[in-house]
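The block underneath contains the structure these notes are about, expressed in structure tokens.
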2 protein chains.
Amino acid sequence: MARAGLTVERLVEAAAELADEAGFDRLSVSALARRFGVKDASLYSHVRNLQDLRTRLALYAGGELIDRIAAAVAGRAGKEALTAFAGAYRDYALEHPGRYAATQIRIDQALIADSPALRRTAEITYGMLRGYGLTEPDLTDAVRLLRSTFHGYCVLESAGGFGADRDVRASWDKAVDALHLALTHWPREGKSDD
Amino acid sequence: MARAGLTVERLVEAAAELADEAGFDRLSVSALARRFGVKDASLYSHVRNLQDLRTRLALYAGGELIDRIAAAVAGRAGKEALTAFAGAYRDYALEHPGRYAATQIRIDQALIADSPALRRTAEITYGMLRGYGLTEPDLTDAVRLLRSTFHGYCVLESAGGFGADRDVRASWDKAVDALHLALTHWPREGKSDD
DNA sequence: ACCGCTTTCCTAGATGCCCTAGGCTGTAAC
DNA sequence: GTTACAGCCTAGGGCATCTAGGAAAGCGGT
């Protein structure tokens, strides 16, 4: 019986394709095994269980995402960097909805600690925001604002949550503009704006 | 054999509790039946299938959420209204993670059209933003920005995505401040900020 | 070429969930 | 009391996760 030549890496890559095609919630061990022409029980030599598979995919996709962002941001600063960051983020989320959805799942804190991808993400984001002259704790607040907005936007958009008859790309650009404005005039204590 | 007295309403309420306790993804027909001491097949007289149950829960939770927001926003305007809106939104999401997760699912467009809750949400949001003097298409852009940020923030927070040692509530207030600033100085064409 | 070891893949089977078809029994209306 | 319906049942098919244990392919060393 000819072997399929399974490895963890090939499994994760195939899982990424499957998730993008069918949706992350329809990523199953059986479906993945079917794709390799193999019984589902065979996958359990390479992957502990479904959750393990999902976690691996999440880390894999997180790495891909930050690679794209890093490439887009490289050599830029200020608003250019922010726009490039936002563009790379949204493009990835729309191109690879399944992979992107995978990055949202809750991951064991122990795995997060020694994942280089997540640390790079933090470094790049904080680095970009330091260009706006922010210091702690405003820096962390701003990072959370950016992450939330980008993430929320992509989730809502790819879920079809934006029904109004207005180009989503144009809205996105405006949102990035607005964030840039908020970052440059970041509200500090004692400065009222009412 | 004593009857459990099932109705669609009781099922949806129990589903809401179950989702909050165990997580929306673990809401199942079997688990719900078990909670009523009844066989799972019995539920199918009241609910078409699992997706139907999820959809009903989504609309139910969406109604609860907008009720809270409406009560918080009532009689307020400007930054006060925005803060109240944001507070009610986040409180609900954190108090009822399962219900809130339910509001995120994709719903049949036909059902959306005749759902009063979703229309009220749009009305209240647009109404609040008109106070900032925004007109279309900036109005829609701003609505999308707010929804995305609020949603993204709640998802990330309740997923434990904010690891840094900084009070999340304080960060949230800062984010709302920043959004208020962005809304009051909304970037319009021809006004560069670099 | 042969042997043994590890890895890869298999079959068999337990368990759980979704859902349908069809049957029995409270309850309420006549 | 009879009838009709609504509420709950059993039985069963389909598909998913996951475990246990077995066979064989491919690797090394001799």
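Being a predicted model, the structure only gives us computed values, none of them experimental. Each chain gets a letter, A, B and so on, in the order its sequence line appears, and its residues count up from 1.
When the side chain to side chain donor-acceptor pair (under 3.5 Å) test is applied to Gln51(B), no partner is found at least two apart in sequence or on another chain. Applying the side-chain contact (heavy atoms from CB on, under 4.5 Å) test to Arg106(A) and every residue at least two apart in sequence or in another chain returns nothing. Considering only residues two or more places apart in sequence or on other chains, Thr103(A) meets the side-chain contact (heavy atoms from CB on, under 4.5 Å) condition with Ala61(A), Tyr100(A). By the ring-ring contact (aromatic ring centres under 6.0 Å, His included) test, Phe162(A) pairs with Tyr153(A), sequence neighbours left out. With sequence neighbours excluded, the residues that form a ring-ring contact (aromatic ring centres under 6.0 Å, His included) with His96(A) are Tyr92(A). In terms of the side chain to side chain donor-acceptor pair (under 3.5 Å) criterion, residue partners of Arg56(B) (sequence neighbours excluded) are, by chain and number, Asp52(B).
Using a 4.0 Å cutoff on non-hydrogen atoms, the parts of residues 27-39 of chain A near DNA chain D are Ser28(A), Val29(A), Ser30(A), Arg34(A), ordered by number. Of the residues in residues 44-59 of chain A, those lying under 4.0 Å from DNA chain D by heavy-atom distance are Tyr44(A), Asn49(A), Leu50(A).
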Look for any protein N or O under 3.5 Å of an N or O in nucleotides 12-14 of chain D and output each such pair with its distance, or none.
none

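Using modelled atom types, one finds a donor on one side chain and an acceptor on the other under 3.5 Å when comparing Arg144(A) with Ser171(B).
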Check residues 8-17 of chain A and write down every donor-acceptor pair under 3.5 Å in which the side-chain atom is one partner and the other belongs to a residue at least two apart or another chain.
{"residue": "Arg10(A)", "atom": "NH1", "partner": "Ala4(A)", "partner atom": "O", "Å": "3.1"}
{"residue": "Arg10(A)", "atom": "NH1", "partner": "Gly5(A)", "partner atom": "O", "Å": "3.1"}
{"residue": "Glu17(A)", "atom": "OE1", "partner": "Arg35(A)", "partner atom": "NH1", "Å": "3.4"}

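Where DNA chain C pairs in unbroken runs of 3 or more (Watson-Crick or G-U, both distances under 3.5 Å), the stems are C:1-30 with D:1-30.
Contacts classified as ring pair (Phe, Tyr, Trp, His ring centres under 6.0 Å) and involving residues 128-150 of chain A (residues at least two apart or in different chains) are given here: Phe85(A)-Phe150(A), Tyr89(A)-Phe150(A), Tyr132(A)-His180(A), Phe150(A)-Trp172(A).
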